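Chain letters run A, B, ... following the sequence lines, proteins first and then strands; every chain starts at 1. Owing to the predicted nature of the structure, the values given are computational and were not obtained by experimental measurement.
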Protein chains: 2
Amino acid sequence: MSLHDQLREIALTEFASAGYAATSLQRIADLAGTSKASVLYHYASKEQLLADAMAPALDELTAIVSGIGDVAADRAQRIAFLERFVDALLAHREVVHLIVNQSATQQDVPAFARAQALMRELSEAFELAAGSTLEKLRYGIALAGAAYTLAASDLLGLDSPPVDEIRPALNTVLRELLAPESKD
Amino acid sequence: MSLHDQLREIALTEFASAGYAATSLQRIADLAGTSKASVLYHYASKEQLLADAMAPALDELTAIVSGIGDVAADRAQRIAFLERFVDALLAHREVVHLIVNQSATQQDVPAFARAQALMRELSEAFELAAGSTLEKLRYGIALAGAAYTLAASDLLGLDSPPVDEIRPALNTVLRELLAPESKD
DNA sequence: CCGGATTTTGACCGATCGGTCAGAACCTGA
DNA sequence: TCAGGTTCTGACCGATCGGTCAAAATCCGG
């Protein structure tokens, strides 16, 4: 793999585990066995390195949220959305960790601002779908809980089960909350 | 109110909204209309200022988690715990925001390490209570979702409903997930 | 009014960070 | 072998930060 790609992967892992602000370019360079100046040759700035590392996940999540459909009325569409959402969370756990744990306090960084805008778009879509405070909370708890639990499991040192065990369980819990059989 | 107490409140609000690392002692001093050196006269260090600001909430949460009881078998105890938990979340929203959004990436800061240990203790208590992956996820989603949704609602610019509307709704959703009538 | 204790302040320090730059090293095709 | 582009590097810069310190200002009981 090229140094260019290797730097992006190392940076993503470090940003997710130690934090964007707390990860210096020098540390990324050390982990890659190169110099800080070399990192800045491949990526114009630290912000650009983060943006490139998060881009694939953000692109995919943006597509999913954009094509959310009429999630209010149609249970089938709700289930389809949840499935796509869960798949994306599992496919991009490091970026999910970044979004969930750091976008809140780093809105001056473009990539985090983009993530924050995405979360706002998602929550607004469900805000419209939900009538009562109770229902809004259900949406919030379900989606945020899924993302956060996934992101935190690594961190808390919990031995997380394999993906093909988490995926169906996640789908089950989300359906219990947002697409129960009794409804629609 | 004394400058000592005022500094703690200003710091807590800034730490929660802008982030601990991103909030300089100079900014706290400016907001309080005093000098940076004065802040460091009242609090030995930035870390100590954070620790003092978070202490009341952490103490209360620690007490709740310690007295968690046999949450596995007894539905009544589970409901009692959830009620205390929700009350604490609502009473200390700013600290909850801090814990949820920043403790992950600041474990070298003692107060955040303490928060992290608390979360681990809580998750381990439920880890024992839960038999299957599905049940573990239910606990994770419920508790993390409640905390994160509460913390994020301020941030995303959502107009959050008044507390006496959120409290019963939160309790309802958590009971649906963790203490359904059908069980026990 | 005085004197000791408390509180406040500006100047300063060392460390760290992201980023710049000129040149060295390296690779590649003619 | 040589030339031109690509990649890499160490030295350096300006800014910011948390924290120190001695001196000034303020407060308060006798």
Side-chain angles (χ1 to χ4, degrees), chain A residues 1-55 98 101-103 105-115, chain B residues 1-55 98 101-103 105-115:
Chain A
M1 186 176 36
S2 69
L3 176 60
H4 189 82
D5 295 340
Q6 197 187 341
L7 284 171
R8 208 180 41 236
E9 291 193 7
I10 290 175
L12 181 56
T13 300
E14 281 300 298
F15 288 160
S17 62
Y20 172 72
T23 301
S24 65
L25 292 176
Q26 185 61 60
R27 170 154 179 81
I28 294 170
D30 289 346
L31 289 173
T34 184
S35 67
K36 185 180 69 168
S38 162
V39 176
L40 286 163
Y41 167 77
H42 288 283
Y43 297 90
S45 66
K46 192 186 178 185
E47 284 190 354
Q48 192 59 55
L49 177 52
L50 176 72
D52 282 16
M54 294 182 72
L98 270 165
N101 280 305
Q102 301 182 56
S103 68
T105 51
Q106 314 262 10
Q107 302 183 60
D108 50 320
V109 180
F112 283 130
R114 198 188 152 193
Chain B
M1 185 177 36
S2 68
L3 176 60
H4 189 84
D5 296 339
Q6 196 187 341
L7 283 171
R8 208 180 42 237
E9 292 193 5
I10 290 175
L12 181 56
T13 299
E14 280 300 296
F15 287 160
S17 62
Y20 173 72
T23 301
S24 66
L25 293 175
Q26 185 61 61
R27 167 153 182 84
I28 294 170
D30 290 346
L31 289 173
T34 183
S35 67
K36 184 180 68 168
S38 162
V39 176
L40 285 163
Y41 167 78
H42 288 282
Y43 297 91
S45 65
K46 192 186 177 185
E47 284 190 355
Q48 192 59 54
L49 177 52
L50 176 72
D52 283 16
M54 293 182 73
L98 270 166
N101 280 305
Q102 299 183 58
S103 67
T105 51
Q106 314 262 7
Q107 301 184 59
D108 50 318
V109 180
F112 283 130
R114 198 186 152 195

Correct closest heavy-atom pair for B:A32 and B:L3 would be CB-CD1, 4.4 Å

Is the shortest heavy-atom distance from the side chain of A:L50 to the side chain of A:F112 under 4.5 Å? yes

Any B:T34 side-chain nitrogen or oxygen under 4.0 Å from OP1 or OP2 of C:dT9: yes

Which class fits the ring pair A:Y20 and A:F15: parallel under 30°, tilted 30 to 60°, perpendicular over 60°? perpendicular

Measuring to OP1 and OP2 of C:dT6, would you say a side-chain N or O of B:H42 lies under 4.0 angstrom away? no

Provide, to the nearest angstrom, the distance between the CG atom belonging to B:D5 and the P atom belonging to C:dT7. 12 Å

Spacing between B:Y43 atom OH and D:dG18 atom C1', to the nearest angstrom: 17 Å

Looking at side-chain heavy atoms only, is the closest gap between A:Q102 and B:Q102 below 4.5 Å? no

Rounding to an integer number of Å, can you tell me how far A:Y20 OH sits from C:dG18 P? 8 Å

In terms of side-chain heavy atoms of B:K46, which of D:dG10, D:dG19, C:dG19 is nearest? D:dG19

Side-chain donor/acceptor contact of B:K36 with base of C:dG10 under 3.5 Å: no

Without decimals, in angstroms, what is the distance between A:E47 CD and C:dC17 C1'? 14 Å

Salt bridge between A:D30 and A:R27, side-chain N to carboxylate O under 4.0 Å? no

What's the CG-P distance between B:L3 and D:dT26, to the nearest Å? 15 Å

Measure the distance from CG on A:L40 to P on D:dG10 and round it to the nearest whole Å. 14 Å

Hey, are the side chains of A:I28 and A:L49 touching, using non-hydrogen atoms and a 4.5 Å cut-off? yes

Contact residues, residues 22-31 of chain B to DNA chain D [heavy atom, < 4.0 Å]: B:T23, B:S24, B:L25

From the options C:dT8, D:dC8, D:dG19, select the nucleotide whose nearest atom is closest to the side chain of B:S45. D:dG19

Side chain A:T23, main chain A:G19, donor-acceptor under 3.5 Å: yes

Could you state the atom-to-atom distance from CG of B:L49 to C1' of D:dC17 in whole Å? 15 Å

Among D:dG18, C:dT6, D:dC8, which is the nearest nucleotide to the side chain of B:Y41? C:dT6

